[in-house]
Amino acid sequence: MSYSKFTKLHQQHDILILGNVWDAQSAKIAESSGFQALGSSSHAIANSLGYADGEQIPVDDLLFIVERIVKSVKIPVSVDFESGYSDDPDQVAKYVKQLVDLGVVGINLEDGKVVKSARKLGESNLLADKISAIKAMTKNIFINARTDTYTTKHQSALEETIKRAQIYSQAGADGLFVPLAETKADIQQIVSATTLPLNLFLTDKLPKTPILGDLGVKRLSHGAKIYEYLVATNTKLFHDFLINPKLPK
């Protein structure tokens, strides 16, 4: 599916709920369940291949998994590309061109970075430069600019989010992703302050989906939550099986 068609999914009345997947099998299951589009989970993909989250997985390994996901489904696939696996905007643009060549129609690109297991908020100008470099090389990619103002607990998270939204929009971003923005008041102000379609991350504190739709939210992600649930279930199954070997029903 093309970039333009994927973009239109962010302009429809109903919220675009992404199925966040980590391999070809989970992608096929999500597609058969009725999702309109998929987003990869960088956390889940990295962990499933034995790496920690935070750009520890080699880019070539990520590209291999992404290719298998894209080839296994007919619906659009967006890739969580963290902060681009480089601080060089031109190198990030080259990596993204490889994703586009595989059939990827969108990416998440963030201004945060994991440093010694802690997420740090980076410079907005660096992400803006990466966005500009990507769009200069290939325009047919939906860039969902993620800002980690809330995940890093910035002291003025709302104000800084609005400031960064304007910077990323001017650089050529197609969407805005603000994980852990959860209150109706903050969400409404963010929506009102930008023309970029707003993507939120599903949490227990987030308003119900119909309310989010009324507030103007256009996209909802769940990240690695389903993967983490399955890993916890699998852990218990293996533990129980060793104690009492029998097939689960």
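The model shown is predicted, which means the values in this text are computed figures rather than measured ones.
- The stretch residues 81-135 participates, sequence neighbours left out, in these ring pair (Phe, Tyr, Trp, His ring centres under 6.0 Å) pairs: F81-Y85.
- Across every non-hydrogen atom of I167 and A128, the tightest pair is CG2-CB, 3.8 Å.
- The backbone N or O of V191 lies less than 3.5 Å from no partner atom in the side chain of T194, so there is not a single donor-acceptor pair.
- Annotation: salt bridge (charged side-chain N to carboxylate O under 4.0 Å, His left out) contacts of K184 (sequence neighbours excluded): none.
- Two residues are said to be in side-chain contact when any heavy atoms from C-beta on lie closer than 4.5 Å; I187 and P207 meet this criterion.
- Residue pairs that meet the ring pair (Phe, Tyr, Trp, His ring centres under 6.0 Å) test with at least one member in residues 158-178, sequence neighbours left out, do not exist here.
- Salt-bridge annotation for K94 and D90: absent, with no side-chain N of the basic residue lying under 4.0 Å from a carboxylate O of the acidic one.
- In this structure T149 satisfies the side chain to side chain donor-acceptor pair (under 3.5 Å) test together with T161, sequence neighbours excluded.
- Within the structure, every pair that satisfies the salt bridge (charged side-chain N to carboxylate O under 4.0 Å, His left out) test and touches residues 150-167, not counting sequence neighbours, is listed here: D111-R164, E160-R164.
- Each ring pair (Phe, Tyr, Trp, His ring centres under 6.0 Å) pair with one or both residues in residues 178-198, not counting sequence neighbours, would appear here, but there are none.
- A donor-acceptor pair under 3.5 Å links the side-chain atoms of E31 to the main chain of K74, judged by distance alone.
- Of all non-hydrogen atoms in K135 and I141, the two that sit nearest each other are NZ-O, 2.7 Å.
- Scored by the ring-ring contact (aromatic ring centres under 6.0 Å, His included) test, F64 finds no partners at all (sequence neighbours excluded).
- With contacts defined as side-chain heavy-atom distances shorter than 4.5 Å, the pair L109/I134 qualifies.
- Here D23 pairs with nothing under the salt bridge (charged side-chain N to carboxylate O under 4.0 Å, His left out) rule; sequence neighbours left out.
- Residues D61 and Y51 are in side-chain contact: their nearest non-hydrogen atoms beyond the backbone lie under 4.5 Å apart.
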Residue pair Q11, T7: steps toward the side chain to side chain donor-acceptor pair (under 3.5 Å) verdict: CA-CA 7 Å; Q11 299 166 351; T7 299; over 6 Å; no
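- Other residues, nucleotides and ligands contribute more than 12 heavy atoms inside 6.0 Å of the CD1 atom of I243.
- In the hydrophobic clustering of this structure, I29 does not group with I65; members are Ile, Leu, Val, Met, Phe, Trp, Tyr whose side-chain heavy atoms approach within less than 4.5 Å, directly or through other members.
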Can I get a per-line list of side-chain donor-acceptor pairs under 3.5 Å for residues 219-232, giving both atom names and the distance, sequence neighbours left out?
unit_1	atom_1	unit_2	atom_2	d
R219	NE	N199	OD1	3.2
R219	NH1	H10	NE2	2.9
R219	NH2	N108	OD1	3.3
S221	OG	N199	OD1	3.4
S221	OG	N199	ND2	3.2
H222	NE2	N20	N	3.0
Y227	OH	S48	N	3.4

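- In terms of modelled atom types and a separation under 3.5 Å, the side chain of E82 and the main chain of E55 share a donor-acceptor contact.
- Among residues two or more places apart in sequence or in another chain, the salt bridge (charged side-chain N to carboxylate O under 4.0 Å, His left out) test is passed with D14 by none.
- More than 12 non-hydrogen atoms from other residues, nucleotides or ligands lie less than 6.0 angstrom from CD of Q56.
- The closest side-chain heavy-atom distance from N144 to S78 is not below 4.5 Å.
- Under the salt bridge (charged side-chain N to carboxylate O under 4.0 Å, His left out) criterion, K218 pairs with no residue, sequence neighbours left out.
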Residue pair M137, V100: steps toward the side chain to side chain contact (heavy atoms under 4.5 Å, CB included) verdict: CA-CA 11 Å; M137 185 170 291; V100 172; over 6 Å; no
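- The structure places CD of E67 at 10.5 Å from CG of D101, a figure rounded to the nearest 0.5 Å.
- Judged by distance alone, with hydrogens and angles left aside, the side-chain atoms of K130 form a donor-acceptor pair with the main-chain N or O of S86 at under 3.5 Å.
- Checking side-chain atoms of D174 against main-chain N and O of I143 turns up a donor-acceptor pair under 3.5 Å.
- More than 12 non-hydrogen atoms from other residues, nucleotides or ligands lie less than 6.0 angstrom from CG of N244.
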Side chains of residues 119-126: which donor-acceptor pairs under 3.5 Å do they make with residues two or more places apart or in other chains?
unit_1	atom_1	unit_2	atom_2	d
R119	NH1	E110	OE2	2.7
R119	NH1	D148	OD2	3.0

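- In the hydrophobic cluster analysis, where Ile, Leu, Val, Met, Phe, Trp and Tyr join through side-chain heavy atoms closer than 4.5 angstrom, V114 is grouped apart from W22.
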